[in-house]
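Before any comments, here is the structure.
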Amino acid sequence: MSAYKDKDARINGIKDQIRVVPNFPKPGIMFQDITTLLLKPKEFKDTIDMFVERYKGKNISVVAGIEARGFIFGPPIALAIGAKFVPLRKPKKLPGKVISEEYILEYGRDCLEMHVGAVESAERALVVDDLIATGGTLCAAINLLERVGAEVVECACVIELPDLKVCYVAKFSRQF
């Protein structure tokens, strides 16, 4: 699933900056906190640089960031590769006409929304989020983009679970 695994020397520095918070937001969850990574400019830049190195020159016109942590990584990647940034938000956060996709989380249900017209048919899209858990959120994002005719090139995430593996890149099908 991971495109980089431990091949790049920058990965260990990035991995070392991710804090694990036990029992958050509820008992039994081992929350992977990327806010500690954001406090370290070198490792944060390394994270963005690794994404940009992978996607520059891939003819991606849309970077779709999943609320909320995809909003941290998505815009700098979009700017660096010359793509637009499209936020995928929780319900009732976007004004105007939206399309929605409901999905199941490891501890509940949720929904993503995207502005109608933000992405056009045949655009090439990259989905960005902080981590892969069950894959439900990423599948919802893929579904939203494909419903409007976009081609989802890949899903890019900093962390994959279990065991805090740094992932960076994964292309998902709807079957996990």
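When side chains are defined from C-beta on, V52 counts as touching I81, because their heavy atoms get closer than 4.5 Å. Side chains of I132 and L138 form a contact here, defined as non-hydrogen atoms less than 4.5 Å apart.
Nearest heavy atom pair, residue L144 against residue S100, reads CD2-C, 3.8 Å. Listed here is the closest heavy atom pair of P91 and C111: CD-O, 3.4 Å. Taking each heavy atom of P76 and I48 in turn, the nearest pair found is CG-CD1, 3.8 Å. Taking all atoms of both residues into account, the shortest heavy-atom contact from L94 to P87 is CD1-O, 4.3 Å.
Qualifying side-chain contact (heavy atoms from CB on, under 4.5 Å) partners for L79, counting only residues two or more places apart in sequence or in other chains: none.
Atom CG of residue L112 and atom OG1 of residue T137 lie 6.5 Å apart, to the nearest 0.5 angstrom. Rounding to the nearest 0.5 Å places CG of L126 at 10.5 Å from OG of S61. A distance of 12.0 Å separates CZ of F85 from CZ of F73, quoted to the nearest 0.5 Å. Atoms OG and CD, from S121 and E151 in turn, are 11.0 Å apart once rounded to the nearest 0.5 Å. Put simply, OH on Y103 and CG on N143 are 12.0 Å apart, with the number rounded to the nearest 0.5 Å. Separating the CG atom in L88 from the NE2 atom in H115 is a distance of 11.5 Å, to the nearest 0.5 Å.
E101 contributes no side-chain N or O that, together with a main-chain N or O of A141, makes up a donor-acceptor pair within less than 3.5 Å. In this structure, Q32 contributes its side chain and M30 its backbone to a donor-acceptor pair below 3.5 Å. A side-chain donor-acceptor contact under 3.5 Å links K84 to the backbone of A118. In this structure, R124 contributes its side chain and V153 its backbone to no donor-acceptor pair below 3.5 Å.
Hydrophobic clustering places I142 together with V148 (ILVMFWY residues linked when any side-chain heavy atoms are closer than 4.5 Å, directly or through intermediates). Cluster membership for L145 and V116, using ILVMFWY side-chain heavy atoms within less than 4.5 angstrom, is shared. In the hydrophobic clustering of this structure, V86 does not group with V98; members are Ile, Leu, Val, Met, Phe, Trp, Tyr whose side-chain heavy atoms approach within less than 4.5 Å, directly or through other members. Taking hydrophobic clusters as Ile, Leu, Val, Met, Phe, Trp and Tyr residues chained together by side-chain heavy-atom distances below 4.5 Å, F51 shares a cluster with F44.
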Side chains of residues 62-71: which donor-acceptor partners sit under 3.5 Å, not counting sequence neighbours?
unit_1 : atom_1 : unit_2 : atom_2 : d
E67    : OE1    : R89    : NE     : 2.8
E67    : OE1    : K90    : N      : 2.8
E67    : OE2    : R89    : NH2    : 3.4
R69    : NE     : D130   : OD2    : 2.5

Got a list of side-chain donor-acceptor pairs under 3.5 Å for residues 33-40, not counting sequence neighbours?
unit_1 : atom_1 : unit_2 : atom_2 : d
D33    : OD1    : T35    : N      : 3.0
D33    : OD1    : T35    : OG1    : 2.6
D33    : OD2    : R19    : NE     : 3.0
D33    : OD2    : R19    : NH2    : 2.4
D33    : OD2    : T35    : OG1    : 2.9
T36    : OG1    : Q17    : O      : 2.4
T36    : OG1    : R19    : N      : 3.2
T36    : OG1    : D33    : O      : 3.2

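A salt bridge between E113 and K93 is absent, with no side-chain N of the basic residue lying under 4.0 Å from a carboxylate O of the acidic one.
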Side chain to side chain contact (heavy atoms under 4.5 Å, CB included) between C157 and D129, worked out = CA-CA 5 Å; C157 297; D129 203 0; 4.2 Å; yes
Run the salt bridge (Lys or Arg N to Asp or Glu O under 4.0 Å) check on R54 and E154 step by step: do they pass?
-> CA-CA 11 Å; R54 178 162 179 90; E154 286 186 335; 2.6 Å; yes
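The side-chain contact (heavy atoms from CB on, under 4.5 Å) test with M50 singles out one residue from I14, V158, I77, and that residue is I14.
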